[in-house]
There are 2 protein chains.
Amino acid sequence: MNSPLHAYTETGTPSFSPLYQQIKALILQSLQAGEWKPGEPIPSEMELAARFRVSQGTVRKAIDELAAENLVVRRQGKGTFVATHAEHNVQYRFLKLVPDSGDFAAKGPAERTIVDCRRQRATADVARALALRTGDPVLQVRRVLAYASVPTILEDLWLPGIPFKGLTAERLRASRGPMYAMFEMEFGTRMVRAEEKIRAVLPDEAQAALLHVTQATPLLSVERVALTYNDVPMELRRGLYRTDTHHYRNELG
Amino acid sequence: MNSPLHAYTETGTPSFSPLYQQIKALILQSLQAGEWKPGEPIPSEMELAARFRVSQGTVRKAIDELAAENLVVRRQGKGTFVATHAEHNVQYRFLKLVPDSGDFAAKGPAERTIVDCRRQRATADVARALALRTGDPVLQVRRVLAYASVPTILEDLWLPGIPFKGLTAERLRASRGPMYAMFEMEFGTRMVRAEEKIRAVLPDEAQAALLHVTQATPLLSVERVALTYNDVPMELRRGLYRTDTHHYRNELG
DNA sequence: AAGTGGTCTAGACCACAAC
DNA sequence: TTGTGGTCTAGACCACTTG
């Protein structure tokens with residue numbers, strides 16, 4: 001294994017991939033298989049180097065990329081750990097709505113209300129987003145997040161029925177931290193990245209009522225598809241955000 | 001220079017910074033000083049290693065970070081180049097509005113109309129965003145972008161008067177590619193990163209007229225502060241986006 | 001003191017582009 | 001052929017954490 005393995009594309013063209021990419025893929029497989037759970041340490045660089053018969057530097061470069069993708073967290077002197085949504089410092093990593101008055105003050109967790117939670121059959125658009133077939137079982141949840149008693153976010157979310165079998169309104173209400181942290185613990189599904197489509201819309205009657213606004217109030221519509229390892233979609237979420245005291249914050253590199 | 005230099009914080013606590021960070025800072029200074037212009041190659045890794053009396057690996061790690069921040073682009077076999085907004089593949093890097101029907105079709109450049117361009121004195125909020133003082137000279141531009149003859153984006157932007165002395169509506173109309181590319185060429189100012197605050201709003205009368213919508217049409221309000229090297233703000237831009245046929249696309253890592 | 005990740009070096013070789 | 005960035009190795013030492 002001292003020289004890169006060869007991979008061949010469908011056309012027969014030989015295509016190489018660097019050793020460290022192959023190592024990265026192997027580590028990824030172990031992460032995906034749950035060999036190491038979120039929050040737990042993965043083997044040390046020396047151990048992995050020995051296991052894969054490569055130098056420490058090669059393992060290091062593989063882990064560097066995994067860390068850059070937030071799949072893994074390095075801690076000097078301690079080890080490298082499987083990333084998790086449960087860590088206090090990076091909670092609500094995917095929520096970009098922040099209060100206008102700096103990020104603080106209302107930083108305390110929002111008041112959460114589960115409005116609805118029911119098993120359904122996937123409509124065409126939900127099925128497409130979740131890579132299911134129309135009619136497949138899905139779980140639909142509607143909830144409201146309030147800050148300082150002001151309802152600010154209304155979310156509808158759809159989860160594939162199979163992996164989330166057993167999820168109920170009670171379990172949602174019972175769980176404390178971020179929803180994605182609970183998904184990791186209870187269902188072994190870790191959301192790794194997400195894509196959002198944002199629009200400005202007016203709410204329908206029900207939506208306006210739940211957010212305590214009039215139907216003439218413009219709201220941010222945020223449609224998110226959250227993905228696990230290997231870009232498998234595991235959640236469709238449609239959020240309506242009030243932006244009178246908050247805004248969606250984005251950094252462009 | 002074989003061992004890291006020492007830096008001392010105000011409290012006297014010795015604080016180290018890795019050699020490659022120091023090298024990175026030195027390269028950044030040269031970029032900022034315009035020693036190498038956008039699109040031009042910077043010296044090879046070997047040359048830089050010799051200049052700074054460090055190993056190639058250390059220079060490499062410094063450049064790796066600069067490349068990750070899009071300040072520089074590596075091209076195997078050719079060299080490392082100062083990044084630019086003029087490259088065809090990464091044009092409109094900061095514009096996240098895409099047509100609902102995939103990214104294609106309307107990919108051709110938008111039809112641009114300069115509505116207004118005038119010298120002004122900075123109001124309090126503009127001054128704060130641009131790190132100026134209230135009353136300092138600024139340049140204000142208003143323009144409309146249309147796709148397939150449908151006005152879709154209305155932008156007001158403010159530029160600090162000093163560095164953009166000589167910018168007129170004529171020069172804006174005359175320039176071809178992205179505005180930021182022109183800023184690089186004509187004014188030596190390269191926008192490196194940006195922060196956006198997004199809200200849902202209703203347009204005022206003038207805005208609605210320019211976008212050919214009613215005042216009841218919800219629009220995306222995108223306030224952007226664009227920064228040069230060292231996080232110096234060089235542009236405030238307030239955009240109104242129609243999101244009936246387009247959406248703001250965001251990826252969450 | 002021992003183990004972990006983090007930095008730095010020196011040298012070899014590979015892949016790509018240009019002459 | 002030459003020069004560029006890209007990969008890989010081996011070994012040394014540093015910084016941080018834990019026992």
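In the text below, chain A, chain B and the rest are named by the order of the sequence lines, each starting its count at 1. No experiment lies behind these values; they were computed from the predicted model shown.
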Visitor: Applying salt bridge (Lys or Arg N to Asp or Glu O under 4.0 Å) to A/R249 and B/E195, what does each step give before you reach the verdict?
Guide: CA-CA 7 Å; A/R249 188 173 182 291; B/E195 297 181 359; 3.6 Å; yes

Visitor: With the side chain of A/R74 defined as its heavy atoms from C-beta on, choose the nearest nucleotide among D/dA10, D/dT4, C/dG5.
Guide: C/dG5

Visitor: Rounded to whole angstrom units, what separation is found between the CD atom of A/Q22 and the C1' atom of D/dC8?
Guide: 12 Å

Visitor: Can you confirm whether more than 12 heavy atoms, excluding those of A/M185, are under 6.0 Å from its CE atom?
Guide: no

Visitor: Going by the rule salt bridge (charged side-chain N to carboxylate O under 4.0 Å, His left out), which residues pair with A/E87 if we only count those two or more places apart in sequence or in a different chain?
Guide: A/R75

Visitor: Taking atom types as modelled, find out whether B/D100 and B/H247 have a side-chain donor-acceptor pair closer than 3.5 angstrom.
Guide: yes

Visitor: Give the nucleotide from the list D/dT9, D/dG5, D/dC8 with an atom nearest to the side chain of B/E45.
Guide: D/dG5

Visitor: Of the nucleotides D/dT9, D/dC8, D/dT4, which has the atom closest to the A/S55 side chain?
Guide: D/dT9

Visitor: Tell me whether the side-chain N/O atoms of A/S44 come closer than 4.0 Å to OP1 or OP2 in C/dT4.
Guide: yes

Visitor: Identify, between A/G57 and B/G79, the residue whose nearest nucleotide on DNA chain D lies closer to the 5' end.
Guide: B/G79

Visitor: Which whole-number value in Å describes the distance from B/R60 CZ to D/dT4 P?
Guide: 13 Å

Visitor: Grab the OH-P distance between A/Y20 and D/dG6 for me, whole Å please.
Guide: 9 Å

Visitor: I want to check one thing: is the phosphate of C/dG5, taken as OP1 and OP2, less than 4.0 Å away from some side-chain N or O of A/T80?
Guide: yes

Visitor: Taking atom types as modelled, is there a side-chain donor on B/E235 or B/Y180 under 3.5 Å from an acceptor on the other?
Guide: yes

Visitor: Would you mind classifying the nucleic acid contact of A/R75 as base, sugar-phosphate or nothing, using non-hydrogen atoms under 4.0 angstrom?
Guide: sugar-phosphate

Visitor: Please report, rounded to the nearest Å, how far the C1' atom of C/dT7 is from the NZ atom of A/K61.
Guide: 16 Å

Visitor: What integer distance in Å separates B/L19:CG from D/dC13:P?
Guide: 17 Å

Visitor: I need the CZ-C1' distance between A/R53 and D/dC8, as an integer number of Å.
Guide: 17 Å

Visitor: Indicate whether the side chain of B/Y241 and that of B/E155 have a donor and an acceptor atom separated by less than 3.5 Å.
Guide: no

Visitor: Check the distance between D/dC13's C1' and A/Q56's CD and give it to me in whole angstrom.
Guide: 12 Å

Visitor: Strictly under 4.0 angstrom, non-hydrogen atoms only: write out the protein contact profile of nucleotides 14-19 of chain C, one letter per nucleotide from the 5' end, B, S or -.
Guide: -BBSS-

Visitor: Looking only at side-chain atoms of B/T58, point me to the closest of C/dT4, C/dT9, D/dT9.
Guide: C/dT9

Visitor: Between B/Y20 and B/D64, does any side-chain donor sit less than 3.5 Å from a side-chain acceptor?
Guide: no

Visitor: Rounded to the nearest Å, what distance is computed from the CD1 atom of residue A/I42 to the P atom of nucleotide C/dT4?
Guide: 12 Å

